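Here the structure is laid out as structure tokens; the discussion comes afterwards.
Positions are given from 1, in the same order as the sequence printed here. Computed from a predicted structure; not experimentally measured.
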Amino acid sequence: MKRRLLWLAADLVLAALIVLSVWIVNYKIPHAGIQASGFPVEDMTQAVTLSTAGDTLRHTRVLTDLQDWRKKFADKFPDTVTATDTSYTSPNLSIQISSHHIDTGKLDLSDSGKHKAYGTQISYLLADIYVGDITCLQTAFAQNTYGVGYSEKLSDLSAAVGAVLAVNGDSYSNNHHKDNGTIIRNGVVYRSRQTDAETCVLNWDGTMEIYEPAQADLQRMIDRGAYQSWIFGPSLLDENGKAKTEFLTWDYIRQSHPRTAIGYYEPGHYCLLLVDGRQDASRGMFLDEMAQIFEELGCRLAYNLDGGHCSFMTYQDQVINHPYKPEHEVSDGIFITEGSLSDN
């Protein structure tokens with residue numbers, strides 16, 4: 001009997017080592033990647049192709065908003081730059097950061113009650129953002145490379161991009177199955193596949209759209225003028241801006257977690273939400289709780305990004321939320337900058 005138990009223990013250890021090795025090979029060791037492409041906006045007047053490292057990347061069609069956001073939101077953009085601990089304003093940007101704490105009175109009883117220990121408190125940060133130009137909202141890949149296994153601290157990415165404010169993105173490279181969706185970043189198409197998830201698209205004209213799985217057609221996105229796309233989800237509001245109660249996602253995401261999400265009011269006006277979790281001060285949010293916040297804010301659309309240990313918000317290159325573990329590396333991020341994309 002003792003020998004059998006020893007063999008069983010050895011088999012379990014071997015199985016764990018195999019699983020760990022597969023995970024490291026598939027997700028942690030960098031695979032052949034594509035260097036990210038930037039471009040001056042004024043040169044982008046139509047969809048074109050760009051050959052990089054043997055891969056052909058398509059640029060989307062640039063269709064800008066006819067309204068001048070600097071004039072439309074003139075009261076938000078002063079002539080000079082002013083920065084405080086919770087705000088930043090300039091001729092191009094307006095960022096107001098607020099912190100919130102609520103007691104929901106609701107425990108998370110999922111996952112066999114493992115989350116129950118985190119209690120009922122929630123703490124989150126909300127960044128209200130006005131931009132004078134769509135290129136004030138940029139994305140970037142870790143190590144400036146699209147691919148699997150490339151990672152970098154968000155604070156370092158923020159400094160490299162020159163961002164005022166940043167949050168993690170959708171961890172685009174974590175999903176290896178064949179239907180892992182379309183990835184468009186800064187107007188460049190890096191991946192185009194079918195998907196069983198909702199896709200969030202920010203267009204060059206500042207509008208935001210949520211594509212159902214059957215609607216996620218690349219040519220449609222290119223012609224529409226897609227500027228950024230994220231594939232994680234789910235979407236949080238219905239077509240009337242009301243909080244959803246049912247979500248297109250899997251059971252694990254339905255539990256309470258640290259979360260990152262983006263909200264859309266109108267072209268030029270957005271918000272980013274960062275929820276701390278897995279600690280006494282903040283258990284994390286359920287999807288319906290986060291959806292309700294976006295409804296109360298008056299957003300038209302809202303979309304859940306990657307969360308858990310990937311949820312970070314930086315301001316002036318410093319992490320300003322309270323993650324349950326120290327900052328670690330992420331694969332991509334969303335960056336609020338002074339604008340104007342250029343080649344890296």
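- Inter-residue side-chain proximity for Leu248 and Ser235 is flagged as unmet; no heavy-atom pair is nearer than 4.5 Å.
- Summarising the geometry of Cys271 relative to Cys299, their closest heavy-atom pair is SG-SG, 3.7 Å, with the distance given to 0.1 Å.
- Nearest heavy atom pair, residue Asp280 against residue Ala117, reads OD1-O, 3.8 Å.
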>> Between Ser282 and Asp276, is the side-chain hydrogen bond (donor to acceptor under 3.5 Å, both in side chains) condition met? List the steps.
In response: CA-CA 6 Å; Ser282 184; Asp276 288 323; 5.7 Å; no
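- With hydrogens and angles disregarded, a donor-acceptor distance shorter than 3.5 Å links the side chain of Arg70 to the backbone of Gly132.
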>> Let's go through Asp65 and Ile134 carefully: what are the C-alpha distance in whole Å and the side-chain angles of both, what is the deciding distance for side-chain contact (heavy atoms from CB on, under 4.5 Å) to 0.1 Å, and is it a yes or a no?
In response: CA-CA 9 Å; Asp65 192 356; Ile134 194 60; over 6 Å; no
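- Between atom CE of residue Met290 and atom CZ of residue Phe247 there is a gap of 8.0 Å, rounded to the nearest 0.5 Å.
- If you take CD1 on Ile334 and CD on Gln138, they are separated by 12.0 Å, rounding to the nearest 0.5 Å.
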> Stepwise, does the side-chain contact (heavy atoms from CB on, under 4.5 Å) test hold for Val189 with Met221?
Replying inline: CA-CA 10 Å; Val189 181; Met221 294 181 189; over 6 Å; no
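- With values rounded to the nearest 0.5 angstrom, Ile34 atom CD1 is found 5.0 Å from Leu57 atom CG.
- Within a 6.0 Å radius of NE2 in His322, no more than 12 heavy atoms belonging to other residues, nucleotides or ligands are found.
- Just one residue in the list Thr89, Ile336, Val131 forms a side-chain contact (heavy atoms from CB on, under 4.5 Å) with Ile95, and that residue is Ile336.
- For Asp75, the CG atom sits in a packed shell: over 12 heavy atoms of surrounding residues, nucleotides or ligands are nearer than 6.0 Å.
- Both Leu297 and Met313 are part of a single hydrophobic cluster, where members link through side-chain heavy atoms under 4.5 Å apart.
- Each of Thr182, Thr139, Asn304, Thr199 was checked for a side-chain contact (heavy atoms from CB on, under 4.5 Å) with Trp230, and the lone residue meeting it is Thr139.
- At distances below 3.5 Å, at least one donor-acceptor pair connects side-chain atoms of His309 with backbone N or O atoms of Pro326.
- Using modelled atom types, no side-chain atom of Thr135 and backbone atom of Asp133 make a donor-acceptor pair closer than 3.5 Å.
- Proximity of Leu157 to Thr314: side-chain heavy atoms (C-beta onward) are nowhere separated by under 4.5 Å.
- Side-chain contact check for Ser155 versus Glu327: some heavy-atom pair is nearer than 4.5 Å.
- Atom CD of Gln219 has more than 12 neighbouring heavy atoms from other residues, nucleotides or ligands inside a 6.0 Å radius.
- Distance check: Tyr265 OH to Tyr130 OH gives 7.5 Å after rounding to the nearest 0.5 Å.
- Lys76 has no carboxylate O lying under 4.0 Å from a charged side-chain N of Asp128, or vice versa, which leaves the two without a salt bridge.
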>> Between Tyr315 and Tyr88, is the ring-ring contact (aromatic ring centres under 6.0 Å, His included) condition met? List the steps.
In response: CA-CA 10 Å; Tyr315 175 62; Tyr88 179 96; 7.2 Å; no
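- Note: Arg259 CZ to Asn168 CG = 12.5 Å, rounded to the nearest 0.5 Å.
- Atom-to-atom distance recorded for Leu305:CG and Ser171:OG is 9.0 Å, nearest 0.5 angstrom.
- Side-chain atoms of Gln96 do not come within 3.5 Å of backbone N or O of Ala127 as any donor-acceptor pair.
- In this structure, Tyr190 has its ring center under 6.0 Å from that of Phe141.
- With contacts defined as side-chain heavy-atom distances shorter than 4.5 Å, the pair His100/Ile293 does not qualify.
- Counting only distance, with no hydrogens or angles, the side chain of Arg191 and the backbone of Asn180 share a donor-acceptor pair below 3.5 Å.
- Under a cut-off of 6.0 angstrom, the local environment of CG in Asp79 is sparse, with at most 12 non-hydrogen atoms contributed by other residues, nucleotides or ligands.
- Note: the hydrophobic cluster containing Leu66 does not contain Phe73 (ILVMFWY, side chain heavy atoms under 4.5 Å, direct or indirect links).
- Using a 4.5 Å cut-off on side-chain heavy atoms (C-beta onward), Pro258 and Tyr324 make contact.
- When every heavy atom of Ser331 is checked against every heavy atom of Ser173, the shortest pair comes out as CB-OG, 3.9 Å.
- When only modelled atom types and interatomic distance are considered, Ser90 and Asn92 share no side-chain donor-acceptor pair under 3.5 Å.
- Inter-residue side-chain proximity for Leu237 and Arg300 is flagged as unmet; no heavy-atom pair is nearer than 4.5 Å.
- Here the side chain of Asp111 pairs no donor or acceptor atom with the backbone of Lys114 at under 3.5 angstrom.
- Placement of Leu287 and Leu126 within a single hydrophobic cluster is found when ILVMFWY residues are connected by side-chain heavy-atom separations under 4.5 Å, directly or transitively.
- In plain terms, the two heavy atoms of Leu301 and Met208 that are nearest each other are CD1-O, 2.9 Å.
- Asn203 and Glu209 are linked by a side-chain donor-acceptor pair at a separation below 3.5 angstrom, with hydrogens and angles left out of the test.
- When the side chains of ILVMFWY residues are joined at heavy-atom separations under 4.5 Å, either directly or via intervening members, Leu109 and Met285 end up in two distinct hydrophobic clusters.
- Side-chain atoms of Ile122 and Val275, non-hydrogen and from C-beta on, do get closer than 4.5 Å to each other.
- In terms of heavy atoms, Ile97 sits closest to Ile320 at CD1-CD1, 4.0 Å.
- Residues Ser192 and Arg58 bring no donor and acceptor atom of their side chains to less than 3.5 Å of each other.
- Thr260 and Asp306 share no donor-acceptor pair across their side chains, judged by distance under 3.5 Å alone.
- The two atoms that bring Trp204 and Asn186 nearest to each other are CZ2-O, 4.1 Å, heavy atoms only.
- Both Val81 and Ile129 are members of a single hydrophobic cluster when ILVMFWY side chains are connected at heavy-atom separations under 4.5 Å.
- Looking at Asp288 and Thr245, their side chains never bring a donor and an acceptor atom within 3.5 Å of each other.
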>> Quick one, Tyr172 with Tyr146, criterion ring-ring contact (aromatic ring centres under 6.0 Å, His included). Give me CA distance, side-chain angles, the key distance, then yes/no.
In response: CA-CA 9 Å; Tyr172 71 94; Tyr146 167 84; 5.2 Å; yes
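- In terms of modelled atom types and a separation under 3.5 Å, the side chain of Tyr270 and the main chain of Gly206 share a donor-acceptor contact.
- Judged by distance alone, the side chain of Thr120 and the main-chain N or O of Lys106 form no donor-acceptor pair under 3.5 Å.
- A heavy-atom distance below 4.5 Å is found between the side chains of Phe312 and Pro323.
- No donor-acceptor pair under 3.5 Å is formed between the side chain of Gln228 and the backbone N or O of Leu202.
- Looking at Asn144, its side chain never comes within 3.5 Å of a backbone N or O of Gln35 through a donor-acceptor pair.
- Judged by distance alone, the side chains of Arg278 and His115 never bring a donor and an acceptor atom under 3.5 Å apart.
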> Between Asp205 and Arg224, does a salt bridge (Lys or Arg N to Asp or Glu O under 4.0 Å) hold up when you go through it step by step?
Replying inline: CA-CA 9 Å; Asp205 64 5; Arg224 176 68 183 85; 3.2 Å; yes
> Between Tyr303 and Val201, is a side-chain contact (heavy atoms from CB on, under 4.5 Å) present by the stated rule, with each step listed?
Replying inline: CA-CA 10 Å; Tyr303 188 80; Val201 175; over 6 Å; no
